[in-house]
Structure formats: C-alpha cells, structure tokens
Number of protein chains: 2
Amino acid sequence: MNIGDASKETGLPAKTIRYYEEIGLVMPDRAANGYRDYCEADVHRLRFLQRSRSLGFSIQECRLLLSLYQDENRASADVKALALAKIEEVDRKIAELRSLRATLSDLAAHCSGDDRPDCPIMDDLAGEAP
Amino acid sequence: MNIGDASKETGLPAKTIRYYEEIGLVMPDRAANGYRDYCEADVHRLRFLQRSRSLGFSIQECRLLLSLYQDENRASADVKALALAKIEEVDRKIAELRSLRATLSDLAAHCSGDDRPDCPIMDDLAGEAP
DNA sequence: GGTTGACCTTCTAGTGACTGGAAGCCTTAT
DNA sequence: ATAAGGCTTCCAGTCACTAGAAGGTCAACC
C-alpha cells in the first residue's frame, strides 16, 4: 500500500506518516521503485498512533503505548496508569484555563468597551490596578 | 539597569528578555560597555508582557496590546474585543479538554488495571472496540 | 510513443516561544 | 592578580509537524 492510501486509511497526512518513519515509529518496507509500502500491521500502528495522539498522548508516550501494545506480557495496570496520569494532566490544564478565563472575564466585565481610552484591562496588564 | 536586574524586577528569565529584544518588543539602550540598559519604561513594558503572556495572549497579540497600550487615542472597546476573543478561545480549549478527559476516564473505568494483558484502553487505541 | 497529471521521493527550512550551552568580555571583591 | 559572577553573541535544540522545491514514477489517454 502506498503512502497516499495509508494516509486515507488512517486520516494522517502523508507528511506526518513520513515524519513517524523518520523518528522510528512506523518503518514500512520499500517497493522496487523506492516507494514506501505499508502492510496491514503498519497501517494498524498508524491508526493506533492517530488515536493515541488525538487523545493527547505525546510522541514519547505513544512510543511507550505502542511497545506495551506489542508486548504479549504487558500488565493492563501499566496502560491504566498512563491513562490516569494523562487524566491528571488534563485536569491540571483545565484548572489553569478556568482560572485564566475567570481573570479575563473579570477584567472584561469592568471595561466599558466604548471609544474612550480608559481601560481597566490595560491598567491591570500595566500593573496599575486601582 | 542591567538585564539581571530587569529579570528580577519582571520575573522574566534573561534569555526571554533578550528574545523579546530580538523580535523587537523591548529595545533597551546600550551602556558604553555594550551591556543592555533598561529604563523604567522598558521594565514597564516587560512587566506588561509578562502579565499578558501569562494570561494566554500570543506574542502577536501582545504586540497589538502593547501598541494599544501606548496609543493615547485607543478605544477601550478594542482591548475588550481582544479579551473577549481570548475568552472564547479559552472556552474552546476547555471544551476540548473536557471531552478528552471524558473519553480517557471512560476508557480507564473499564480497564481492570491488574497484571493481565487484556486492556480495553489498548483495544480502543487499536480500533478494536468490542 | 508522447504527454499530461497525479503520485511519490528527498532535502531544506520554518513554525512559536523560548531554552541550553559554549566561548569569550567586563566588573567587583579579595 | 585572580576568582567569581554577570554580561555578550551565536549556534543548536525543543515539539510535532508543515511548506515548498526539485525531481523520479506511474497510469491513462491520444
């Protein structure tokens, strides 16, 4: 299967698939003409990557997940631990964004938003809170 | 004021302050020995940048905010519009993360997390949902 | 057989916003 | 005189791609 078909199968851009080869994640065979030739297992790994990346796992984490995936003797606890750690990370990010949102919203609420220059948002950014 | 003192005053690493000069955000004078020499206004701009960056504004947005900040004839509506747009952006990110969290949490809930290899998280990543 | 046009290859370089490190001046204190 | 610490520039690396150029390959159509 050529890279274009693998791209269609997995939803990953061809550029990304080549990049995944460059960093050693999915190494396809080569056809006689030099074209990459993806077998079913390769496409499977690519799809696995697409899903784990879209769930927010980093490339390093995906590498680990892939190796667990290929490991017949893995403990599901190892996978679960990764997922739980990622949930915590997501929770931290959400909390940070919520606090950010609260601050922005508070600032915006106190700004008249007209054509005069006086602006409490600016005052805050400048460190001149009243 | 040398860069080290400016760094202490603003909480920004010296490297970051040099970077801000490189991209034309804060251009200090130079002392006779070639050292950067930050005046109060420079430190003010740096502090402004520190705050707006920590509120999630991109460098481009900070550039715009700084120019509004310096503009005697700005309309506070312009600043407020930026803040409101940023709030929407933050909301979108939060929604995305919440959906991510729900998926991860759902997957983890169905995984026994013991030393057996069977793992619904892996099954899902592999696209083999039951 | 020639010619499109789509597909493939490699390579280089750019993104955003820094961060790390090396090599070498400058200043201050001992 | 020397040691420590701060400053300078420049180069390279981060993360995960993404854009684009220059050129080889393939299938179809005339």
Side-chain angles (χ1 to χ4, degrees), chain A residues 1-39 42-43 45-66 86 89-90 93 96-97 100, chain B residues 1-39 42-43 45-66 86 89-90 93 96-97 100:
Chain A
M1 188 187 300
N2 282 351
I3 197 170
D5 297 320
S7 170
K8 269 171 212 137
E9 288 282 317
T10 61
L12 290 167
K15 287 261 186 195
T16 301
I17 297 179
R18 286 195 201 97
Y19 172 69
Y20 286 169
E21 179 178 358
E22 193 185 321
I23 62 175
L25 281 178
V26 178
M27 316 297 287
D29 285 344
R30 294 292 176 130
N33 57 11
Y35 285 18
R36 290 170 179 81
D37 186 15
Y38 292 88
C39 68
D42 292 330
V43 172
R45 285 169 69 88
L46 286 173
R47 215 176 275 126
F48 185 100
L49 284 167
Q50 192 279 321
R51 288 188 189 232
S52 37
R53 286 290 299 130
S54 76
L55 279 175
F57 290 97
S58 73
I59 291 283
Q60 273 316 312
E61 288 164 335
C62 288
R63 215 183 278 276
L64 181 50
L65 281 170
L66 262 180
K86 185 54 64 177
E89 200 180 313
V90 169
K93 276 188 200 161
E96 201 176 327
L97 285 175
L100 210 61
Chain B
M1 188 186 301
N2 282 349
I3 198 170
D5 297 320
S7 169
K8 268 170 212 140
E9 287 282 318
T10 60
L12 291 168
K15 284 265 184 192
T16 301
I17 297 178
R18 285 195 201 97
Y19 172 69
Y20 286 169
E21 179 178 358
E22 193 184 321
I23 62 176
L25 281 178
V26 179
M27 315 296 287
D29 285 343
R30 295 291 177 131
N33 58 12
Y35 285 18
R36 290 169 178 81
D37 185 15
Y38 293 88
C39 68
D42 292 331
V43 171
R45 286 170 68 88
L46 286 173
R47 216 177 275 126
F48 185 100
L49 283 167
Q50 191 279 320
R51 288 187 189 232
S52 36
R53 286 289 299 131
S54 76
L55 279 176
F57 290 98
S58 72
I59 291 284
Q60 273 316 314
E61 287 164 335
C62 288
R63 215 182 278 276
L64 180 51
L65 282 170
L66 262 181
K86 186 53 64 176
E89 201 181 312
V90 169
K93 276 189 200 162
E96 202 176 327
L97 285 175
L100 209 62

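Lettering of chains follows the sequences in order, A, B, ..., and the numbering in each one begins at 1.
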Inset, instruction - Take the protein atom CG of A/Asp37 and the nucleotide atom C1' of C/dT9, then report the distance between them rounded to whole Å. - result: 15 Å
Inset, instruction - Return no unless some side-chain N or O of A/Arg30 is found under 4.0 Å from OP1 or OP2 of C/dT10. - result: yes
Inset, instruction - Go through DNA chain D in 5' to 3' direction and return only the first and the last nucleotide with some atom under 4.0 Å of chain B's heavy atoms. - result: D/dG6 to D/dT9
Legend entry - Whole angstrom value for the distance that separates P of C/dT12 from CD of A/Glu22: 11 Å
Legend entry - Any B/Arg36 side-chain nitrogen or oxygen under 4.0 Å from OP1 or OP2 of C/dC26: no
Inset, instruction - For C/dC18, take OP1 and OP2 only and decide whether either is under 4.0 Å from a side-chain N or O of B/Tyr20. - result: yes
Inset, instruction - Quick one: label A/Ile3 by what it contacts on the DNA or RNA (base, sugar-phosphate, nothing), any heavy atom closer than 4.0 Å. - result: sugar-phosphate
Inset, instruction - Begin with the C-alpha distance, continue with both residues' side-chain angles, and end with the deciding distance and a verdict on side chain to side chain contact (heavy atoms under 4.5 Å, CB included) for B/Arg53 and B/Cys62. - result: CA-CA 7 Å; B/Arg53 286 289 299 131; B/Cys62 288; 3.8 Å; yes
Legend entry - A/Tyr19 OH - C/dT12 C1' separation (whole Å): 16 Å
Inset, instruction - Specify the residue among A/Tyr35 and A/Lys15 whose closest nucleotide of DNA chain C lies further upstream toward the 5′ end. - result: A/Tyr35
Inset, instruction - Quickly work out the B/Glu21 CD to C/dA17 P distance and round it to whole Å. - result: 18 Å
Inset, instruction - Take the protein atom CZ of B/Phe57 and the nucleotide atom P of C/dG16, then report the distance between them rounded to whole Å. - result: 18 Å
Inset, instruction - Report yes if a side-chain nitrogen or oxygen of B/Thr16 is closer than 4.0 Å to either non-bridging phosphate oxygen (OP1 or OP2) of C/dT19; otherwise report no. - result: yes
Inset, instruction - For B/Arg18, report the nucleic acid contact type (base, sugar-phosphate, nothing); a contact means any heavy atom under 4.0 Å. - result: base
Legend entry - N-O pairing of A/Arg18 and A/Glu21 below 4.0 Å: no
Legend entry - A/Cys39 side chain reached by A/Asp42 side chain, heavy atoms, under 4.5 Å: yes
Inset, instruction - Evaluate the criterion side chain to side chain contact (heavy atoms under 4.5 Å, CB included) for residue pair B/Ile59 and B/Tyr20; output intermediate values, then yes/no. - result: CA-CA 9 Å; B/Ile59 291 284; B/Tyr20 286 169; 3.7 Å; yes
Legend entry - A/Asn33 CG to C/dT9 C1', straight-line distance once rounded to whole Å: 10 Å
Inset, instruction - Take A/Lys86 and A/Glu89 through the salt bridge (Lys or Arg N to Asp or Glu O under 4.0 Å) test and state the conclusion after the steps. - result: CA-CA 5 Å; A/Lys86 185 54 64 177; A/Glu89 200 180 313; 3.2 Å; yes
Inset, instruction - Taking the side chain as every heavy atom from C-beta outward, state whether A/Val43 and A/Met1 have any atom pair closer than 4.5 Å. - result: yes
Legend entry - Along DNA chain D (nearest heavy atom to each residue), the more 5'-positioned of B/Asp5 and A/Ile59: B/Asp5
Inset, instruction - Taking B/Arg45 for its side chain and B/Leu66 for its backbone only, find out whether a donor-acceptor pair lies under 3.5 Å. - result: no
Legend entry - Whole-Å gap separating P (C/dC7) and CE (A/Met1): 16 Å
